[in-house]
Each structure stands twice: as structure tokens, then as C-alpha cells.
Amino acid sequence: MASKTALAPVKIDQLEVDLLVIGSGTGLATALAAKELGLNVAVAEKTKYVGGSTARSGGAFWIPANTVLKRDGAVDSLDRGEKYIESVVDGSGPAERWKAFLEYGDETVKMLERMTQLSFFWSKGYSDYHPEKPGGSAAGRSVESRPFDLNKLGDQLRRFQPATMAAPMPMPVTGADYKWMNLIAKAPHKAFPLIVKRLIQGAGGLLIGRNYSAGGQAIAGGMYAGALDAGIPVWTEAKLVDLEFTDGVVTGALLEQAGERVSVRTKYGVVLAAGGYDHNMKMRQEHQSPSLVEDLSLGAKGNHGDAIEVAQKHNAQLASMQQSWWFPAVSPLKPGSSAKILLAERSLPGSFMVDQSGRRFINESTDYMSFGQEILRREAEGDPVGQMWLIFDQTYRDSYIFAGQCYPRMALPESWYKAGVAHKSSSISKLASKIEVPVQALEKTLDAFNEGAGTGIDDQFGRGESAYDRYYGDPTQHPNPNLRALDGKTYYAVKIVLSDLGTCGGVMTDAHGRALDTSGDVIEGLYAQGNTAANIFGNVYPGAGATIGQGLVFGTIIATHAAQKARDLVASA
């Protein structure tokens, strides 16, 4: 993994470039595409670390009918992709944007394979989030990077964004690996070979001077290495202060580095790729909910919405500001500490979730964006969920990894109990008293859940009906991999909070990634992508990696448009 000790900032060394990218997450893809198209491009990163939220993510990207899917045998087409996106977006976002995403998706993946040393594979079986919709795929369209050697960054490794969660041993774990490693106690024949393979790769790699990493660390690290190889400057601790205009056209940006303000002129545009407003609680309360008072976001620490605010100052149109890539997580142990990531936990049999009334309120296995949207819907209607608890039994605890740190048969950390984040009891009534929910309500919830689980059918919420639900279930549990009656031995409750992977509302753009003003007109010379731009899928999350996918693809779209402007200028000279 990357070192937590950063180097001194890379100084701004050019006062004029063809294209300036603000942000070093998926903005690196823009820079790579622009460089390949012959543009002089530079990247300005606000923080001391390169990689943004991309480096902290799971690292998958969702791009229909791309070359990796075809190569690995997936059945997909642009027509199916279009049918699916149209059905899930359902008019909540302009069609021209997601159609451009489809058009440039395959070229983006090919560009990354040309401009970096990354190698990709299809996460077969990682279902679309709504596979039952027209054009949906239960086999999935998500793609990941194979483990990447971060030592290819050389002495710039210390400038790379550290991982959110690291394995206790040197082993690069992909998302596809985790699905089975999580089942080590239930499906050891699948889990152990993967563990051995990754241990050999990780520990063996260190012996020969390689530092393999997976997930977001791999894809962001690979793009950063590609940028360094291509000679693309990535200025660090260089904050965007303002945009500069000439005759109504954006012709540069005012940056601040080491207390000094520097004006960088651009020939063909400024690209806002600086993430969302994840840690700006004032903006979150204004646009999302007054109840969001504690900063629980898992997005990059530098994401305070600076670029969005600068764009808004210049009359940019904002959209989808109420949306985030919501993500339920284990509650922090104390104010200011981090929430703990949950991946498969909500989907595994022998567990269910309740709200403050002691009743189930959702299909626990649903995609995490829909999960958050349901919580905010209830709040808006005056029926808040309140505190949320994941209830499970001893068999569940003995069978699965929990929160990435509690292995099967391990006790939950004592610190969790002391903080009131976890509770344990020999009876469901005593557990209800500990978590302060109505005893009779929780008892009835348990009885109803166990009855449905015994039949393999969740009559209340349909858990396990979707291929997406089943992906993170337990395939050894029949007839429904997501349902099992709780065994009545020991009951646990862990407090769950609504975290997120970043906000996904921002600057509205056209099909070329150009920012639009409040009248719907193009702001010439200004582009936006990733979480600085409004989600191209409106208010939905179509599949694992859709946030990174749209950021990468619009990087290609923007670079292509800027390069065309350069060619047009030469032709008219």
C-alpha cells in the first residue's frame, strides 16, 4: 500500500497549457486521453495525495459492451446497454449524456490499456443493480483491474492516496476475490485457493521488489503511473481559487499553492474533476438533509465541493444535488472517527435490519444507493428510520467476515460494546431492551423473518429475488442464499449509519462534458466530470463501478472535444 508520509508538493511549473484538469481521480483519465491526442495537459490536485476518491474505492468500473467484456466472454451489446440505462434512468437525467457515455465507453477502456500498464478482467457474476429491468444483466458488466505493482510509481509512491482499508497481510484482494474470501468458513474449497494465490502474489512480490495492490489503489495507481510515464505534470497542494474568463470564455484558472496565487492560462479549457462535496456539511444540509450533521462520508478528505462552488459562482447549472452514492456502514465508535465499510454483510443469511420501531424497513440486500434514498424518503415524509441495527445470530458470526476486520468465530471488538455500537444477548427480548426498541415489535419481526426464511421466500421485501441480492449471499444456503432463520443461540445487534462513497450531484453538462449555465447555454471553455458533475444516470446507480465508469468515459469525451477544438483552430489559421 502507499505510504502515509507524503512528499513536498509538486510546484506549478507552467503558466499556459492546452488543457488544465482540476482533480486527480478520474481526472487522470482525462489527462491521459488528452495527452494521447496531442494536447499539452496538466493536472492540479488540491491535496498532498494523488488519486482522489478513485484510489479509496473498490476500483470497479461499469461500462456496457466494452472490450474487456467481449474478450472475457460476456454477452452484451450497446443496444442492450441502451435499453437497460433508459429503463433505470427513466427520464431522471438527460438521455444525450448517457448515450455519449455508451458511445465512448469502449474507446475509453482501449485508451487506458494503451496509455497505462493496467490489465483488466470481467467480474463475472457481479450482477447489475437492477438486472430485472429491460436490458439488465445478471452476469454483470463490472470490470476490475488485476493487481497492480505500485512500485511502478517509484519515488512518487509517497505522493499517492493511501487505501481506505488494507489487508492485515500483504495480499492484493480484488472485489471478485472478496466475495469468496468472505465465505472461507462456508466454502473453503473456493476461498483457500484464492487466499493462497493472493498471499503468494503479495508476499512473493515484496521479495522481488514489487508492491501489488488491487481495487481503487490499482486503477488509480495505474493511471498515475501512466501519467508520470507520459510526462504529464500533476501539481499537488494546488487549490482552485477561481476561473478566469476572456470575452465570456473560460481561458484559465487561478490556483493557490503554498500561499501564493498563480494564474494558469488554458487554450482549450479547464476541466473540473475535483470530486463532490462529501465533507462540506453545510452544503449537505442545504441540498440533502438537515439531519446530516456528522461527517460520515468515505470520500477523499479533500472533497469539500470547492470546484462546484466556483462553477456555481459563475452561473453554472447544478443538478442532482440531493443525491449521493449512499453506503450503509458500521457506526463510528466516537465522533470524528470513521465509519466501517460493509460489503456483503447485509445480504448474508441469518441476519436482518430494523429501524427504531424494531421492525424491518427494507430489503437489506438492495443496492446501497437505493438503501440511502429510502432512508431520506422516509425522513422527508415525516417517518424517520432513526437508529438502524443489523441483527444476527451466532452462526452468522461464526461464518462470515464482518466489517473487514472480524473474521469468522472471532469476537466482536470489546471497544464496540463499550461504545454502544454492538450489543449481545441470549434472548431477543433482552437484546431489544439493550438497543432501546419495542420488545414485542422486535419479537414479532424475528418470528416473521424466521417463518419466511424457513420457506426461502421473503414475503415482506423480496430479499433474494434479484440476482444482485444473491451475488453477496451464501451459495451454500438453500433454497435462498440470502435467507436463513436465526438459530436462537446468541443474538447480536450492530449499529448502522448512512455513510456514502461521495456525493453525485454537481455541474450539469452536455454530451461533450461542457458545463451548462442556468439558462442551459454552454459555458465555453469549462468542462466537468466525475462527482463534480451531475450523475449522468440521474438518480440511480445502474451497476458496480458506474461512478468510476462515467468519470473515466467523460474524460475521453472531454479530451476528444478539446482536441477537436485544437484541430479546428489550426485549420482556420
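Predicted model, so just to flag it, every value in this text is computed and none were measured. Any value given below was found using the heavy atoms of this structure, including those in side chains, with hydrogens, waters and symmetry copies removed.
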*Any side-chain donor paired with an acceptor under 3.5 Å for Asn363 and Thr366?*
no
*Would you mind checking if Arg284 and Asp295 are paired as a salt bridge, meaning a charged N to carboxylate O distance below 4.0 Å?*
no
*Regarding Arg56 and the six-membered ring of Tyr49, is the cationic atom NZ or CZ under 6.0 Å from the ring centre and inside 45° of its axis?*
no
_Any donor-acceptor N or O pair under 3.5 Å, side chains Ser519, Asp521_ = no
*Are any non-hydrogen side-chain atoms of Pro349 and Asn482 less than 4.5 angstrom apart?*
no
*Excluding sequence neighbours, so at least two apart, what forms ring-ring contact (aromatic ring centres under 6.0 Å, His included) with Trp389?*
His423
*Is Glu374 paired with Arg377 through a side-chain N to carboxylate O contact shorter than 4.0 Å?*
yes
*Identified side chain to side chain contact (heavy atoms under 4.5 Å, CB included) counterpart of Tyr277 within the set Met321, His304, Glu309, Glu286*: Met321
*Ignoring hydrogens and angles, tell me if any N or O in the side chain of Arg141 forms a donor-acceptor pair with the backbone of Ile63 under 3.5 Å.*
no
_Can you confirm whether the side chains of Ser123 and Ser142 place a donor and an acceptor under 3.5 Å from each other?_
no
*Spell out, as yes or no, whether a donor-acceptor pair under 3.5 Å connects the side chain of Arg146 to the backbone of Phe120.*
yes
*asked:* If I take atom CD1 from residue Ile523 and atom OG1 from residue Thr509, how far apart are they, to the nearest 0.5 angstrom?
replied: 11.0 Å
*Can you tell me how far the OG atom of Ser365 sits from the OH atom of Tyr472, to the nearest 0.5 Å?*
12.0 Å
*May I ask you to decide whether Arg71 forms a salt bridge with Glu113, counting only side-chain N to carboxylate O separations under 4.0 Å?*
yes
*Would you confirm whether Ser57, through its side chain, and Gly59, through its main-chain N or O, come within 3.5 Å as a donor-acceptor pair?*
yes
*Under 3.5 Å, is there a donor-acceptor pair linking the side chains of His561 and Tyr527?*
yes
_If we count only N and O atoms by modelled type, under 3.5 Å, do the side chains of Glu364 and Ser351 hold a donor and an acceptor together?_
no
*Under 3.5 Å, is there a donor-acceptor pair linking the side chains of Asp128 and Ser137?*
no
*Heavy atoms, side chains only, cut-off 4.5 Å: are Leu102 and Pro64 in contact?*
yes
*Judged by atom type as modelled, is there a donor-acceptor pair below 3.5 Å linking the side chain of Asp278 to the main-chain atoms of Thr503?*
yes
*asked:* Is it true that Glu45 and Thr47 share a donor-acceptor pair across their side chains at a distance under 3.5 Å?
replied: yes
*Are side-chain heavy atoms of Leu516 and Val522 found at a separation under 4.5 Å?*
yes
